[in-house]
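Working notes, beginning with the structure itself.
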Amino acid sequence: MSSDADELKTRLKKLNARATQAKMDLHDLSEELPTNWEKIIEVAQHCHDAHAALMEARKAAATSAS
């Protein structure tokens, strides 16, 4: 496996972990509502950004694999 492929695999793992944690943070916040309702936008934006980065990296990986 090339260095670039290794780097991409490592990046995808990190982004996946970040997206999974963001999803859990959003879930935890929803379980606590109405406590901390003020954080809904912040936590949701973080979750959106994490998943957007993951999807973009997956798309790039698929393109480079072709």
Side-chain angles (χ1 to χ4, degrees):
M1 199 180 254
S2 72
S3 178
D4 287 342
D6 288 339
E7 288 176 19
L8 183 56
K9 187 175 180 180
T10 299
R11 177 168 156 66
L12 283 170
K13 281 185 177 183
K14 287 180 182 180
L15 288 171
N16 190 54
R18 183 177 153 214
T20 299
Q21 183 59 54
K23 176 180 73 170
M24 294 307 300
D25 292 345
L26 187 59
H27 176 266
D28 291 347
L29 178 62
S30 73
E31 292 284 319
E32 298 169 358
L33 290 173
T35 303
N36 292 325
W37 68 268
E38 303 92 344
K39 293 184 178 185
I40 292 172
I41 301 296
E42 175 187 343
V43 174
Q45 185 66 56
H46 178 73
C47 188
H48 178 273
D49 294 347
H51 280 84
L54 176 59
M55 294 304 115
E56 190 63 32
R58 284 181 179 171
K59 184 178 174 183
T63 301
S64 69
S66 305

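For the numbers below, each heavy atom of this structure counts, side chains included, while hydrogens, waters and symmetry mates do not. If you're wondering where the values come from, they're calculated on a predicted model, not measured in any experiment.
Of the inter-residue distances, the one linking His46 atom NE2 with Leu29 atom CG reads 12.5 Å to the nearest 0.5 angstrom. Atom CG of Asp28 sits about 11.0 Å away from atom CG of Asn36, to the nearest 0.5 Å. Atom-to-atom distance recorded for Thr10:OG1 and Lys14:NZ is 6.5 Å, nearest 0.5 angstrom.
Across Ala22 and Ala50, no two heavy atoms sit closer than the pair CB-CB, 4.0 Å.
For Glu31, the side-chain contact (heavy atoms from CB on, under 4.5 Å) partners at least two apart in sequence or on another chain are His27.
In this structure, the side chains of Ile40 and Leu33 come closer than 4.5 Å at one or more pairs of heavy atoms. Taking the side chain as every heavy atom from C-beta outward, Glu56 and Leu15 never approach each other to under 4.5 Å. Using a 4.5 Å heavy-atom threshold, the side chains of Gln21 and Arg18 count as separate.
Ile41 and Trp37 end up in different hydrophobic clusters when Ile, Leu, Val, Met, Phe, Trp and Tyr side chains are linked at under 4.5 Å. A single hydrophobic cluster is seen to contain both Leu8 and Leu54, as judged by linkage of ILVMFWY side chains at heavy-atom distances under 4.5 Å, directly or through other members.
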